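Have a look at the structure that comes next, please.
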Amino acid sequence: MPNWCNNKLAVYGPHEDVKRFQEQAVGHSPWHTGENPNVLNFHSLVPIPAAVIAAGYEAAGYDWERNHWGCKWGACHAEVLDEWEGHLTCAFDTAWSPPLAFLEKLGPQWPTLIFLLDYEEMGMGFKGLCKIKGEVVEDHCVTL
């Protein structure tokens, strides 16, 4: 059983781009296709390659997710907390660590958007704030 990293992601930008991001974010994990769609499905935004899926989670998926998303399993228990024109806020959990590598990939894909992640993992005792705009990443993490 992992320690859970609690995350709150705020997305800011032009209204149409934020809506397009929100619509594209909804989906299913390739490992759990029978579940209800997740409002922040990492695979929908930074897809796991077909070859990795074919190899299986244990053989290739775990390492791919850690390397490309910064955590395993993607966003768990995701929910939309708030939305208005040009803004979206979601809360979700990730196993062990925040999804910084995932956000680093989103920035260049969505250059008009600003991603602001507030994260905290009390079991390991760290908290941080990460801002991504295009290819610029500012992460400030402190030990508690």
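Please read all numbers here as calculations on a predicted model, not as lab measurements. Quick note: numbers below take in every heavy atom, side chains included, and nothing from hydrogens, waters or symmetry partners.
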Report task. Measure across H15 and G86 and return the closest heavy-atom pair with its distance rounded to 0.1 Å. Result -> ND1-N, 3.5 Å
Query - Closest contact, heavy atoms only, G13 versus L113 - result: CA-CD2, 3.8 Å
Query - Side-chain heavy-atom pair L40, L45 within 4.5 angstrom cut-off - result: yes
Query raised in the report: If you look at every heavy atom in P37 and V26, which pair is closest and at what distance?
Result: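 Between these two residues, the closest heavy atoms are CB-CG1, 3.8 Å.
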Requested in this report: State, yes or no, whether a side-chain contact exists between V18 and H87 at a heavy-atom distance under 4.5 Å.
Outcome: no
Query raised in the report: Do M122 and L117 share a hydrophobic cluster (ILVMFWY, side-chain heavy atoms under 4.5 Å, transitive)?
Result: no
Query raised in the report: Taking a hydrophobic cluster as the set of Ile, Leu, Val, Met, Phe, Trp and Tyr residues connected by side-chain heavy atoms closer than 4.5 Å, whether directly or through intermediates, do I114 and L100 fall within one such cluster?
Result: no
Query raised in the report: Below 4.5 Å, heavy atoms only, C-beta onward: do Y57 and W73 meet side chain to side chain?
Result: yes
**Report entry** Separation of E83 CD from C90 SG (nearest 0.5 Å)
**Finding:** 8.5 Å
Requested in this report: Consider only side-chain heavy atoms of I, L, V, M, F, W and Y, link residues closer than 4.5 Å, and tell whether Y12 and V39 are in one cluster.
Outcome: no
Query raised in the report: Can any side-chain N or O of N7 pair as donor or acceptor with the backbone N or O of C5 at less than 3.5 Å?
Result: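 A pair under 3.5 Å: yes.
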Query raised in the report: Where do W69 and I48 land on the side-chain contact (heavy atoms from CB on, under 4.5 Å) test, with the steps shown first?
Result: CA-CA 10 Å; W69 295 346; I48 301 167; 3.7 Å; yes
Query raised in the report: Mind checking whether I132 and F102 have side chains closer than 4.5 Å, heavy atoms only?
Result: no
Query raised in the report: So, N38 and S29: side-chain donor and acceptor under 3.5 Å apart, yes or no?
Result: no
Requested in this report: Grab the two heavy atoms, one from A91 and one from L81, that are nearest each other, plus how far apart they are.
Outcome: CB-CD1, 3.6 Å
Query raised in the report: Does E121 use its side chain to pair, donor to acceptor, with the backbone of S97 at less than 3.5 Å?
Result: no
**Report entry** Donor-acceptor under 3.5 Å (D118 side chain, K8 main chain)
**Finding:** no
Query raised in the report: Do Y119 and P99 have side-chain heavy atoms sitting under 4.5 Å apart?
Result: no
Report task. Dump the intermediate steps for side-chain contact (heavy atoms from CB on, under 4.5 Å) on E104 and F115, then the final yes or no. Result -> CA-CA 10 Å; E104 289 173 6; F115 299 93; over 6 Å; no
Query - ILVMFWY cluster, L116 and F21 together (side-chain gap under 4.5 Å) - result: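 No; F21 is not reachable from L116 via cluster members.
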Query raised in the report: Charged N to carboxylate O under 4.0 angstrom, D17 versus R20?
Result: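 Judged by the 4.0 Å cut-off on N to carboxylate O distance, D17 and R20 do form a salt bridge.
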Query raised in the report: Would you say the side-chain atoms of H140 pair up with the backbone N or O of L129, donor to acceptor, closer than 3.5 Å?
Result: no
Query raised in the report: If you measure from CD on E65 to CZ on F42, what distance do you get to the nearest 0.5 Å?
Result: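 It comes to 9.5 Å.
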Requested in this report: Report the distance from atom NE2 of H28 to atom CG of N36, rounding to the nearest 0.5 Å.
Outcome: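 Interatomic distance, H28 NE2 to N36 CG, rounded to 0.5 Å: 6.5 Å.
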Query raised in the report: Got W31 and H43 here, is their nearest side-chain heavy-atom distance under 4.5 Å?
Result: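 Contact flag for W31/H43 side chains = no.
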Query raised in the report: Between W110 and Q24, does any side-chain donor sit less than 3.5 Å from a side-chain acceptor?
Result: no
Query raised in the report: Can you find a heavy atom in the side chain of V137 that is under 4.5 Å from one in the side chain of C130?
Result: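 A side-chain contact under 4.5 Å exists here.
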Requested in this report: Work out which heavy atom in T94 is nearest to a heavy atom in G74; give both atom names and the distance.
Outcome: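 For T94 and G74, the tightest heavy-atom pair comes out as CG2-O, 3.6 Å.
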Query raised in the report: Do you know the tightest heavy-atom contact between G27 and S44?
Result: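 Where G27 meets S44 most closely, the heavy atoms are CA-OG, 3.4 Å.
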Query raised in the report: Do K133 and E138 meet the salt-bridge criterion of a basic N to acidic O distance under 4.0 Å?
Result: no
Report task. Please identify each residue that fulfils side chain to side chain contact (heavy atoms under 4.5 Å, CB included) with H68, with sequence neighbours left out. Result -> W64, K105
